Amino acid sequence: MRDEPAPLTRHLRVYEHRAHTVLELRGEIDLLSATELGPFLDRVTGRPGARVVIDLRSVEFFDCSGLRLLYRARARVLDGGGQVHLVCTHPLTLRVFRVTGLSRLLPPQRTLDAAVARSEAASGSL
């Protein structure tokens, strides 16, 4: 049995899954938590060639601060020549992504494995 890594903060757990760094956000993602999360996300998303999956399945609330956080994470990963994918199942959060257009830039997947498969297909390694 594998030990689960401890969360870095009460809003973030980071772990590896099939050669991807998973950023599992938890709880309420608002101005306060986004300020706390920013440095951790910057550290991971600033790596050249980063392969990142942002998992929002444990998020209960997500406001515009969270949108800015995701947009910044996406830009940093792409600027470094990496890949970023999103996992999200919460209907209200998905609606916000559609209304703001973020779902076109960062199409949400329903599962972690679907996001990783999308990444592997894009890189030609599937």
Side-chain angles (χ1 to χ4, degrees):
M1 187 164 143
R2 188 176 84 138
D3 288 334
E4 288 295 318
L8 291 175
T9 76
R10 66 186 176 118
H11 297 287
L12 177 65
R13 185 169 72 105
V14 178
Y15 61 95
E16 295 296 317
H17 178 75
R18 292 174 46 191
H20 291 73
T21 301
V22 179
L23 304 171
E24 181 185 303
L25 278 61
R26 298 169 168 217
E28 295 186 3
I29 307 303
D30 55 15
L31 181 59
L32 183 61
S33 60
T35 302
E36 176 186 299
L37 291 168
F40 293 105
L41 270 61
D42 282 353
R43 190 174 326 137
V44 172
T45 60
R47 297 177 187 152
R51 296 176 68 176
V52 176
V53 177
I54 300 170
D55 186 348
L56 302 181
R57 290 176 293 177
S58 297
V59 169
E60 299 160 3
F61 175 80
F62 196 86
D63 72 5
C64 62
S65 301
L67 290 173
R68 282 192 298 274
L69 201 64
L70 290 185
Y71 187 80
R72 177 177 169 81
R74 177 189 175 272
R76 289 174 57 82
V77 170
L78 296 181
D79 286 348
Q83 298 177 352
V84 62
H85 299 282
L86 177 69
V87 178
C88 182
T89 56
H90 194 283
L92 292 176
T93 304
L94 290 169
R95 183 174 181 218
V96 169
F97 291 161
R98 280 191 302 275
V99 168
T100 61
L102 188 59
S103 62
R104 288 190 308 271
L105 299 175
L106 200 55
Q109 303 299 311
R110 296 197 58 74
T111 67
L112 181 57
D113 285 332
V116 170
R118 182 176 174 91
S119 176
E120 291 169 347
S123 68
S125 62
L126 186 67

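Keep in mind that this is a model prediction, so the values were computed, not measured.
- Taken from OG1 in Thr9 to CD in Glu36, the straight-line distance is 4.0 Å, to the nearest 0.5 Å.
- For Gln109 against Ala115, the heavy-atom pair with the smallest separation is CG-CA, 3.8 Å.
- Proximity of Asp55 to Leu25: side-chain heavy atoms (C-beta onward) are nowhere separated by under 4.5 Å.
- Between Asp113 and Arg18 there is a salt bridge, since at least one side-chain N of the basic residue sits less than 4.0 Å from a carboxylate O of the acidic one.
- Connection of Leu32 to Phe62 is not established within any shared hydrophobic cluster, with ILVMFWY side chains joined at heavy-atom distances below 4.5 Å, either directly or through further cluster members.
- Between Thr93 and Phe61, every side-chain heavy-atom pair lies at or beyond the 4.5 Å cut-off.
- The CD1 atom of Ile29 sits 7.5 Å away from atom CG of Leu56, with the distance rounded to the nearest 0.5 Å.
- Between the side chain of Arg76 and the main chain of Asp42, a donor-acceptor pair closer than 3.5 Å is present.
- In this structure the side chain of Val116 reaches within 4.5 angstrom of the side chain of His17, judged on heavy atoms.
- To the nearest 0.5 Å, the span separating CD on Gln83 from CZ on Arg118 amounts to 10.0 Å.
- Between Val53 and Val87, the shortest heavy-atom distance links the atoms CG1-CG2, 3.7 Å.
- Contact annotation: the side chain of Leu12 never approaches that of Arg26 to less than 4.5 Å [non-hydrogen atoms, C-beta and beyond].
- Side-chain contact between Ser65 and Asp30 is absent, with no heavy-atom pair separated by less than 4.5 Å.
- Leu78 and Leu70 fall into different hydrophobic clusters, where Ile, Leu, Val, Met, Phe, Trp and Tyr are joined by side-chain heavy atoms under 4.5 Å apart, directly or via other members.
- Val84 has its side chain out of reach of Thr45: every pair of non-hydrogen atoms, C-beta onward, lies at least 4.5 Å apart.
- The distance from the CZ atom of Arg95 to the OG1 atom of Thr100 is 11.5 Å, given to the nearest 0.5 Å.
- Under the 3.5 Å distance criterion, the side-chain polar atoms of His90 are matched with a main-chain donor or acceptor of Leu92.
- Annotation: side chain of Phe97 is not in contact with side chain of Leu106 (no heavy-atom distance under 4.5 Å).
- Distance alone, capped at 3.5 Å, places no donor-acceptor pair between the His11 side chain and the Ser33 backbone.
- When all heavy atoms of Ala73 and Ile54 are compared, the pair lying nearest together is CB-CD1, 4.1 Å.
- Side-chain atoms of Leu112 and Arg57, non-hydrogen and from C-beta on, do get closer than 4.5 Å to each other.
- A chain of hydrophobic side-chain contacts below 4.5 Å, direct or via other Ile, Leu, Val, Met, Phe, Trp or Tyr residues, connects Phe40 to Tyr71.
- Residues Glu16 and Thr21 have side chains that bring a donor and an acceptor to within less than 3.5 angstrom of each other.
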